[in-house]
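Since the structure comes first, as structure tokens, the remarks are kept for the end.
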Amino acid sequence: MDVVFLTFILVLSIFLGFELISKVPATLHTPLMSGANAISGITLAGAFLSAGATDPDLGKWLGVAAVTFATINVVGGYMVTDRMLSMFKSKREGEK
Amino acid sequence: MDVVFLTFILVLSIFLGFELISKVPATLHTPLMSGANAISGITLAGAFLSAGATDPDLGKWLGVAAVTFATINVVGGYMVTDRMLSMFKSKREGEK
Amino acid sequence: MQIAVPTEKWANERRVALIPDSVKKLTRLGLSVQVQNNCGLESGYSNEQYAEAGATIVDDREKLIRSGDIILRVRKPDAEEVTLVKSGAIHISYLDPYNESQLVDALTEKGISAISMEMIPRTTRAQKMDALSSQANLAGYVMVMLAAQKLDRIIPMMMTPAGTLSPARVFVIGAGVAGLQAIATAKRLGARVEAFDTRPVVAEQVESLGAKFVEIDLGETGQTKDGYAKELTSEQLALQREGMKQIISGSDIVITTAQVFGRPAPRIVTADMVGAMKPGGVIVDMAVESGGNVEGSQPDKTVVTGGVSLIGISNLPSIVSQDASQMYSANLYNLLSEYWNEDTKTLEMDLEDDILKSCVISHEGRIVNETIKNLRKT
Amino acid sequence: MQIAVPTEKWANERRVALIPDSVKKLTRLGLSVQVQNNCGLESGYSNEQYAEAGATIVDDREKLIRSGDIILRVRKPDAEEVTLVKSGAIHISYLDPYNESQLVDALTEKGISAISMEMIPRTTRAQKMDALSSQANLAGYVMVMLAAQKLDRIIPMMMTPAGTLSPARVFVIGAGVAGLQAIATAKRLGARVEAFDTRPVVAEQVESLGAKFVEIDLGETGQTKDGYAKELTSEQLALQREGMKQIISGSDIVITTAQVFGRPAPRIVTADMVGAMKPGGVIVDMAVESGGNVEGSQPDKTVVTGGVSLIGISNLPSIVSQDASQMYSANLYNLLSEYWNEDTKTLEMDLEDDILKSCVISHEGRIVNETIKNLRKT
Amino acid sequence: MSIGLIANLSYILSAILFVFGLKMLGSPATARRGNLLSSMGMLIAIVAGLTSKGIVDYQTIAAGIFVGAIIGSLAARLVAMTAMPEMVALFNGSGGAASLLVGWATLYTGDISTFTAVTVLLAILIGGITFTGSLVAYGKLSENINSAALVFTGQRIVNSLILIGILVSGYLFSVEPSPNSQWLFVMVGLALLLGVMAVIPIGGADMPVVISLLNSYSGIAACAAGFAIENNILIVAGSLVGASGIILTNIMCKAMNRSLANVLFSGFGAVKQGKAIEGEVKPVSVEDAYYLFEAASNVCFIPGYGMAVAQAQHVVKELGEILEKNGAEVSFAIHPVAGRMPGHMNVLLAEADVPYEQLVEMDDINPRIENVDIAVVIGANDVVNPSAREDEDSPIYGMPIINVDKARTVFVLKRSMASGFSGVDNPLFFGENTRMLFGDAKESIAGVISEFN
Amino acid sequence: MSIGLIANLSYILSAILFVFGLKMLGSPATARRGNLLSSMGMLIAIVAGLTSKGIVDYQTIAAGIFVGAIIGSLAARLVAMTAMPEMVALFNGSGGAASLLVGWATLYTGDISTFTAVTVLLAILIGGITFTGSLVAYGKLSENINSAALVFTGQRIVNSLILIGILVSGYLFSVEPSPNSQWLFVMVGLALLLGVMAVIPIGGADMPVVISLLNSYSGIAACAAGFAIENNILIVAGSLVGASGIILTNIMCKAMNRSLANVLFSGFGAVKQGKAIEGEVKPVSVEDAYYLFEAASNVCFIPGYGMAVAQAQHVVKELGEILEKNGAEVSFAIHPVAGRMPGHMNVLLAEADVPYEQLVEMDDINPRIENVDIAVVIGANDVVNPSAREDEDSPIYGMPIINVDKARTVFVLKRSMASGFSGVDNPLFFGENTRMLFGDAKESIAGVISEFN
Ligand SMILES: NC(=O)c1ccc[n+]([C@@H]2O[C@H](COP(=O)([O-])OP(=O)(O)OC[C@H]3O[C@@H](n4cnc5c(N)ncnc54)[C@H](OP(=O)(O)O)[C@@H]3O)[C@@H](O)[C@H]2O)c1
Ligand SMILES: NC(=O)c1ccc[n+]([C@@H]2O[C@H](COP(=O)([O-])OP(=O)(O)OC[C@H]3O[C@@H](n4cnc5c(N)ncnc54)[C@H](OP(=O)(O)O)[C@@H]3O)[C@@H](O)[C@H]2O)c1
Ligand SMILES: NC(=O)c1ccc[n+]([C@@H]2O[C@H](COP(=O)([O-])OP(=O)(O)OC[C@H]3O[C@@H](n4cnc5c(N)ncnc54)[C@H](O)[C@@H]3O)[C@@H](O)[C@H]2O)c1
Ligand SMILES: NC(=O)c1ccc[n+]([C@@H]2O[C@H](COP(=O)([O-])OP(=O)(O)OC[C@H]3O[C@@H](n4cnc5c(N)ncnc54)[C@H](O)[C@@H]3O)[C@@H](O)[C@H]2O)c1
């Protein structure tokens, strides 16, 4: 039954993803991509389980590596997006 | 856990519902309302369980009544919407 | 009450004070109208049309003027004809009261209520009676037509297989009613239009017609509460000339409309500025009658100096006499109907009224207009 | 090669065949140019400008013409001056070869290569040399200006405090190059414009300028492969008159440009149609020189009948001589540079070429133009 | 794969079809196909629903479906085209009733947790409101009951009492949930009553909005029922309808230039609010303006000097063309003194090529201004100032104006509340039916045009 | 309430924040706030994730987070503004790597059903492709590797072999899933290899599109990992990113006037396709045209007789203004014989009030036409017909034309393939860089304008 629920959730999210992005001005393409990329770092939340396990088998170390990589993605992704957007904004304001 | 899944589904569906309808020309307001109304007859799918029960207690009869009402909503709703839209279409074509 | 409309006697005056359409409306108000024989001929209105509208055609001018309770005309009367007018009658026309003190005195003495059309205030409410506006408007259009006609080029830009003709450059000095209409007409024909005026509020109005406002810093300028320009000091005028010189030398057509109400027009374009224009250029001076904005312009003549034509026509609206008469006539009708009392069948000369206060010069044997009265004192 | 540009001798001809700008370009190609003293004065070009551009100013007209290898002028030469021209020289101007058979013979006998500017074909490629087009275009503009000037009304609509002035109605008959420009100019000024032409393809072009095309069913009409109109039968002409009568009577301005290449212009507007117009109306007849579209119109006169002014000016482009000269001169330049061989420094008279085949009338002592030759046969 | 899994996967399929269906219903070109898709989704969901484990007695179900289908199809086929809205109301009501009944019936299926009890109560409450509310809406639309807003003293108190009753009985029921609980019956009764009370005070003209809202409710009711019986498709479809219904309601309100709250409660507080609105400036957004333009069938533009300043003539002409294509009658009323020179507006409109036929004079438009749905005042001020008509002390008193204040709705496009040439304040801006669209006229109009996709 | 429930409810909250965040990122005014919201969602999800039952050893986690945060923040802060895109590629790659690792690590958490095995494989495969693909993209962008499209013979065969290998090893692994299965390692290796092979043949200029696509993949990888460990938020966030990423990729392709397939495979089949496109008419939709206009910085309009027929001058002028506001340089190139009378275009453009400064003559535009991003031919035909330049047999040979065919992109707006006044066919319409926007010119342009919301 869980699979059914998960599929439901999957389908709805995909639809929502499609609907959310419609017309995006060219200037926002890169920030949007970067912002979305940061969200895909959500794998982090899934990496804890393995990384936090007791047995120090390969799985744990894979998990720790996953945590590191995912964190890079999350932290770097959000920060770089913000930097881009802040530039963008000041440019806009400068124009006025 | 089911509740969590259901809530997830609920939230996503609500978002999707919001996103789906954006700019609707005035001529489509009534058909759209009517079409959405027909979908809300989905209760029908839920009414079967009670209506199809073996014990002929009040619950069963409530269920049967629910089936009847919901069917009215579904059948009538879709048909009336289609009628409206067909009119609408021929009018448009007539204009051209 | 009897309205009398004599034919205009001035040379080159082709307008008529009342057109058949207004005659019809006035008779409907309960006034009776007499017009002189063939008064409307020059502006395209025949005796038949007047008769049909309800006017009586009178052959004898003297009789006509004698019999009128209200006399409507375009131009000011001459001294002789004032004597003919009934005492107590109302006389409406242009009067030029600032300069024509003798005429004003004559009217006053005869007990005539003289209304001067140029003294109608420039308020929103009075605009429908404002003949200065309505005629200046037409003058603005006519000036461009005259200039276009005289110019040895075409006005619009054309990119053709035989090369590109650049758009004519038109410079309008003074963007009052006439100036604005000149700008609009030149723009319509595709000219590059620039304009200048001393009143800074005008800049926006010029731009609202798609033309360019030329900024020349003259220091403090301004306008009176009626919206008329204040006179410039001689330093300011020099500054202005300096600023305009270059623009004029690059222009194909220069149109000047600068006037200061009640005073001689400022001399803005000097002979050397005229000389700096390309041969074939055209200047139209609307202020030629009140002294001229352009050095060398002469009333009702086209002077050519160094290939530049200097057009100075004193009576521009008369060139489009049909429309000009229609508008002047509508102004008069609006004035009369505003103060006409349908019950008593009289014109109510309420001298407290904003509009009448300004435009009635003499009434019941006295000069009642404050401005004119003050003029006498100094 | 030596180019010679004499001053135009015709009455009312203010144009000049070559302006300084083209002189400059031609000298750059390696041609030398001589112009007659003051040839450009009437169109705003001074001797100094010519000299600066590289032309030699020559005082003696005879000498000038004698010396030219290529002679450029606007109007056709008179018989006497043909004798002056060098044998073998190239002579480019309007020629009217359909009617001037004597002149053509004279040119042929003298061995002159005569190019007739009206015979340049109406193809896309030849358009840059097409003087008929370039001049007709200006004529279209000028006609509207003349009419506007003569009309006792203004053209645009105005809703003013002194009533609404309705827009003038303009009716353009014949929507070729000149007619279209007239339509565009009248539209610009705010007129309500209607137009008619016998060639049905024109309807779309008229509408593309925002004017209304009047539909009159004449049965089969058409155009030649050059885009010129075919002549109508007399029944068709009667039908056309019938259909136009009402429109003309409601119009303030009528502009006629109907021509059939190589034949007298059709008489479209009859005296009773003129009579049906309101007094004050204006008719401009562009075809006045080739017979006139309007009954009673006379070349270079303004005839007033029943209050309607009938303007028939034969040389419209000359009114805007500066631009007209510029365009004619560009046409000539384009023609010369197209066939100029920079290496041999000669003009290549390739009579197989589409354009030259049409416009060269005589060459090396023979009439080479097929159409003109055929004309002689019949 | 188990039947259950297949059924659930079918539910996913039908959910997808519903989403597409709704999406396509929103655009004229695809609406009909959208309805078809959604009905296919419904068919799949119904078939899947029939495979549910607990179902034994198919006969009664078939009977119910048969009866319902007959009634529904007859009603849909026979109803006059003009009576469509009330028919939708009726269908909607039966949907609400169904949710109420499903919720209620769930109580008979076995042990009831508090969670289930709460969801059942919600299904009953919302379903009940939808049911009777829709019936009242139907009655008002078909004029079987007085379509005027029905207001009586103490209405508020009664409503408050009902609400309290619902809370109390709801609480008491969920403490001890049982199909025979007396609180259940109280709840059903109160829900039905609340539906009536909520719709009664709303005027007939606002019924379409109410129906749209009730439609959204019926979706929510289905959703609640879905929670009660833990059925995905009910939740998905129900919440889709619930959410999109609310958006649609909002759109409809905007098109009427009303807020939802205003629609729902105007009946209650009518008297008190009227005063407060007077003297109030009501700005409007470009988007809201669009909805009104979209629905208007007679639009009159009144240009003034501001149009010239903004050089808005071209966009104005374009908007006029768009509105004409949209079926509206469009005219341009020119006041003789508009602008800063005689004929100022004519010059501009001729430049933009507005046909002369569309220009009307002040004296022609004033007698028929009442029929104008939207009077669009574009940078004009003095020439539409009602104080010239009404205020004897005004310096412009006596000047004839274009009486835009008598049009159904007035949009005033200007940048601020500043006065015009004559410097006189303009009471028009505070009018009941006036909406201020602040900003440069050209930009505002370009905005509206871009809303017309 | 259990911790698990709270965590899950937090996931719902963070999902909501992600949705809002993405939505807001799509519009300039709200983008920055959107990014903030989404980062808050992430924080909540991380905290909730830390409460998961199985977690015992927080130290290693903290260490991982610490190291990652340092690297990430330093990289984000220090990177030059011009190097942003490659930085995004790197971040994206680490996201892919994380998914791969999470999938892999899951194998160690206990028994593995076939379903889990398949999802793990998907996570590994997609994560792996994302990882190495992003690295290659980074390399190309930073010019550490040759940015040209790298094509070698047999590439196709190699790729096919890799794909077969993936299928085979995937099948063998899921038959007997175990963390120590040799097929697992093969799988990981092949996935990494495939990422390299997929991106290598794409040119550097197309990298932004590739990164966007890989970004979408990394979402899908997260989603697959979510299925493997049955975690809602991974599925929701992953599929949101996956779906929106694909849409964004599509938008970016459109803005480059390329299809996605063309971007991805142009490197492979470059030679073969080039020929096929020649002589082909490429119609373009109003929407696609919009994307190009949006991105253009130098636009030149070339009006002809068709603009007059369509009376499109006003909308053309408006589009010009919009493009200027959008930062583009706009000009109108007038061919001397355009239209049906001398100066025809001047009359129309003056009517629409196009400033004289924007009008350029043929001889002025031709030398700089190469710099024009979009040449918009509005109902012109003969005056832009390259056969006048190239085809000696053409009746219009020798006439100077406006060389629009040398502009970067040409839009031709006309109603059909019909010829113009001279009746000559126009090879321009078949040009490599020509797009035909069929329809009445006025309507086409109005369409583009309305896309500029
Ligand atoms: N017709 C004539 O011959 C003539 C001649 C001279 C004077 N007048 C006088 O001028 C007045 C004409 O009346 P009217 O209603 O046309 O003009 P108005 O009363 O002067 O009002 C114009 C309004 O336009 C607004 N505006 C200015 N720029 C704008 C922009 N870019 N976008 C949007 N709105 C803008 C201004 O409000 P914001 O600043 O708030 O935007 C202003 O209130 C009358 O009083 C008349 O007597 C007429
Ligand atoms: N300038 C002059 O003085 C003059 C005078 C006479 C002749 N000519 C000749 O006219 C030609 C001018 O060249 P040009 O490029 O301007 O025009 P063109 O070559 O005649 O082409 C015009 C094009 O516009 C298209 N069109 C027509 N209506 C349209 C609409 N509503 N929307 C969109 N497109 C429309 C037509 O194609 P579709 O039918 O497919 O839409 C047609 O191919 C030259 O050959 C020139 O020699 C010029
Ligand atoms: N309220 C109304 O409805 C109404 C009606 C008509 C006119 N007006 C206003 O009345 C005013 C006067 O209009 P008018 O056309 O009769 O003015 P006018 O004929 O007295 O003067 C013409 C123009 O010349 C300008 N001028 C004066 N000296 C100048 C100089 N040295 N250089 C350049 N320009 C100079 C003036 O500023 C004026 O704009 C304007 O403000 C007009 O808007 C108002
Ligand atoms: N290919 C080119 O580039 C090019 C250049 C210039 C002109 N042309 C074409 O050449 C053609 C002729 O132009 P033109 O202006 O020299 O023509 P024109 O001067 O010979 O005649 C003027 C117009 O009068 C019309 N006409 C004739 N008889 C008429 C009647 N009875 N009633 C009403 N109208 C009548 C003709 O149809 C023509 O439109 C046009 O089709 C024009 O488009 C083509």
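Sequence lines set the chain letters: A, B, ... in the order given, protein chains first and strands last, and positions in each chain run from 1.
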Main-chain N/O of E/S38 paired with B/Y78 side-chain donor or acceptor, under 3.5 Å
yes
Per-residue contact mode, B/D57 against chain E (heavy atom under 4.5 angstrom)
side chain
So which residue, E/L36, E/V102, E/I246, ends up with the most heavy-atom pairs under 4.5 Å with chain B?
E/V102
Does E/T60 use its side chain to pair, donor to acceptor, with the backbone of B/A51 at less than 3.5 Å?
yes
E/Y11 atom OH: more than 12 heavy-atom contacts under 6.0 Å
yes
If you define the side chain from C-beta out and look only at heavy atoms, does anything of E/L22 sit under 4.5 Å from B/L32?
yes
Check each of E/S218, E/C223, E/S99 against B/T43 using the side-chain contact (heavy atoms from CB on, under 4.5 Å) test, and report the only one that passes.
E/S99
The interface call for B/A36 against chain E, heavy-atom contacts under 4.5 Å, is both
Between E/G34, E/S212, E/G21, which shows the greatest number of heavy-atom pairs under 4.5 Å with chain B?
E/S212
Distance-only, no hydrogens or angles: does the B/R83 side chain make a donor-acceptor pair with backbone N or O of E/M84 under 3.5 Å?
no
Counting heavy-atom pairs under 4.5 angstrom with chain B, the leader among E/S39, E/G242, E/A89, E/S73 is E/S39
Within the 4.5 Å heavy-atom criterion, are B/L85 and E/L25 side-chain neighbours or not?
yes
Residue part contacting chain E, namely of B/L44, when any heavy atom lies under 4.5 Å
side chain
Is it the case that the side chain of E/N215 and the backbone of B/M33 share a donor-acceptor pair, with hydrogens and angles ignored and the cut-off at 3.5 Å?
yes
